[in-house]
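Owing to the predicted nature of the structure, the values given are computational and were not obtained by experimental measurement.
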Amino acid sequence: MQDSAWCALGCWMTKKDWYSILNTESCEDKFRLLMMELTSAIDSFLPRKINYTFWRNKVQGEVKKAKNHYYHDKVAQEESTYFSNWWRQIKSLTGQDIQQEWYHLFLGDTMNPKLLANKINDFFVSLTDHFTPLTGDSPPSLVPQELFVSNEEVFRSLLSLNVAKAVGPDNIPNKQLKDFAHKLAPVIRNNQSLKEGYIPSLLKSFIVTPILKVNPPREIKSDLQPIALTCTLAKVMEGFTCNKLLP
């Protein structure tokens, strides 16, 4: 990320008039307008121009060097002493180790990774099939004042974000939320969400990655666990309510 591009984004953030968003009554409309403004700014000032060929060659070169170093430091001396161990290491370095590609165990005769992905997704979804969805037929009649948050609380929460964390489904980087916390705090404050009993659908979405419990896994149900990457704003808003209810 170029400093000049980030400075240009900073100038836009500080000069931006958030009046229309701040005065929007509906929580759904307010969040939609906020995401439109932020994503539009990111696309304009921080476009994703990636030289895939350059980075592909760069990664391949680094992998080749790492394998060479690993062979000379850990493997070469075992050829004359522990031949079976040396051969196992060679198979691993050349991609012949089946344990490195554990998904082949579940593909069967189809050899279709999409079918396996759907199978894993179906299992993860089934974990919450018995949950009863919350109904949003009518907003709460009264929300205790102590549950509302102030601009100062939002500002401190955004300021404590870890900028090294990966972005969630909203594609809003933590660095943007942290560096411009003073401007975004009044817009992000979720009091309207509490009043309406409404949570934007984007904040309830997440990116799920299956992580191995054991390698190689034998069963999807017992040997894979889901790791979910959620929106940072969702975690920030959850933190406000959690801190109020469980001080």
Side-chain angles (χ1 to χ4, degrees), residues 1-69 149-193 199-209 227-240 243:
M1 182 187 303
Q2 295 183 355
D3 291 339
S4 58
W6 193 253
C7 289
L9 175 61
C11 292
W12 179 87
M13 292 288 294
T14 54
K15 295 179 180 179
K16 171 65 180 175
D17 184 6
W18 302 97
Y19 178 83
S20 59
I21 297 179
L22 289 171
N23 288 273
T24 301
E25 294 294 333
S26 168
C27 176
E28 180 179 9
D29 293 338
K30 182 177 181 179
F31 182 78
R32 177 177 53 80
L33 292 174
L34 172 62
M35 295 307 300
M36 286 177 55
E37 293 288 357
L38 293 181
T39 54
S40 176
I42 292 175
D43 291 340
S44 298
F45 296 102
L46 307 173
R48 297 183 179 183
K49 296 180 179 178
I50 302 176
N51 188 338
Y52 290 101
T53 303
F54 169 80
W55 287 111
R56 180 201 62 193
N57 296 339
K58 180 76 172 177
V59 170
Q60 289 178 347
E62 293 298 324
V63 169
K64 184 177 181 180
K65 287 195 296 184
K67 286 184 175 182
N68 286 333
H69 285 304
V149 296
S150 64
N151 290 343
E152 179 64 24
E153 290 175 291
V154 181
F155 173 75
R156 289 199 302 267
S157 180
L158 296 179
L159 210 59
S160 66
L161 293 177
N162 184 352
V163 297
K165 293 291 186 179
V167 298
D170 57 355
N171 290 321
I172 304 299
N174 285 6
K175 181 175 174 60
Q176 183 181 13
L177 298 174
K178 181 174 183 176
D179 287 0
F180 309 116
H182 63 293
K183 295 293 293 185
L184 293 175
V187 190
I188 292 175
R189 193 174 56 169
N190 66 327
N191 291 340
Q192 190 63 30
S193 176
I199 300 176
S201 58
L202 181 60
L203 297 186
K204 294 184 286 186
S205 61
F206 43 84
I207 302 171
V208 178
T209 302
I227 300 298
L229 182 62
T230 59
C231 300
T232 297
L233 289 180
K235 290 182 282 190
V236 168
M237 294 179 179
E238 288 172 359
F240 295 146
N243 293 335

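A pairwise comparison of heavy atoms in Asp179 and Trp6 identifies OD2-NE1, 3.0 Å as the closest pair. When all heavy atoms of Gly168 and Ile207 are compared, the pair lying nearest together is C-CD1, 4.2 Å. Of all non-hydrogen atoms in Lys30 and Val187, the two that sit nearest each other are CE-O, 3.5 Å. The two atoms that bring Lys204 and Ile199 nearest to each other are CE-O, 3.5 Å, heavy atoms only. Across Lys183 and Met13, no two heavy atoms sit closer than the pair CE-O, 3.3 Å. Between Phe155 and Ala185, the closest heavy-atom pair is N-CB, 3.8 Å.
Counting only distance, with no hydrogens or angles, the side chain of Gln192 and the backbone of Glu25 share a donor-acceptor pair below 3.5 Å. Judged purely by atom type and a 3.5 angstrom limit, Asn191 uses its side chain to pair as donor or acceptor with the backbone of Val149.
In Leu158, the CG atom is crowded: over 12 heavy atoms of neighbouring residues, nucleotides or ligands sit closer than 6.0 Å. Environment of CZ in Phe206: sparse, with no more than 12 heavy atoms of neighbouring residues, nucleotides or ligands closer than 6.0 Å.
With rounding to the nearest 0.5 angstrom, the NZ atom of Lys178 is 7.5 Å from the CG atom of Asn162. Considering CD1 of Ile21 and CE of Met35, their distance stands at 10.5 Å, rounded to 0.5 Å. Rounding to the nearest 0.5 Å places OG of Ser20 at 11.5 Å from CG of Asp29. Remark: Leu229 CG to Ser205 OG distance equals 10.0 Å, nearest 0.5 Å. The OG1 atom of Thr232 sits 10.0 Å away from atom NZ of Lys165, with the distance rounded to the nearest 0.5 Å. From Leu34, atom CG reaches atom CD1 of Ile188 across 6.0 Å, with rounding to the nearest 0.5 Å.
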TODO: Could you go through the side-chain contact (heavy atoms from CB on, under 4.5 Å) check for Leu233 and Leu203 one step at a time?
DONE: CA-CA 7 Å; Leu233 289 180; Leu203 297 186; 4.0 Å; yes
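In this structure the side chain of Cys231 never reaches within 4.5 angstrom of the side chain of Ile172, judged on heavy atoms. Counting heavy atoms from C-beta on, the side chains of Leu177 and Val236 never come closer than 4.5 Å.
The salt bridge (Lys or Arg N to Asp or Glu O under 4.0 Å) pairs that include a residue from residues 150-162 are Glu152-Arg156, Glu153-Lys244, where partners are two or more places apart or lie in different chains. Screening residues 7-18 for side-chain hydrogen bond (donor to acceptor under 3.5 Å, both in side chains), with sequence neighbours left out, gives Lys16-Glu37.
Comment: Glu62 engages Lys65 in a salt bridge, judged by a side-chain N to carboxylate O separation of less than 4.0 angstrom.
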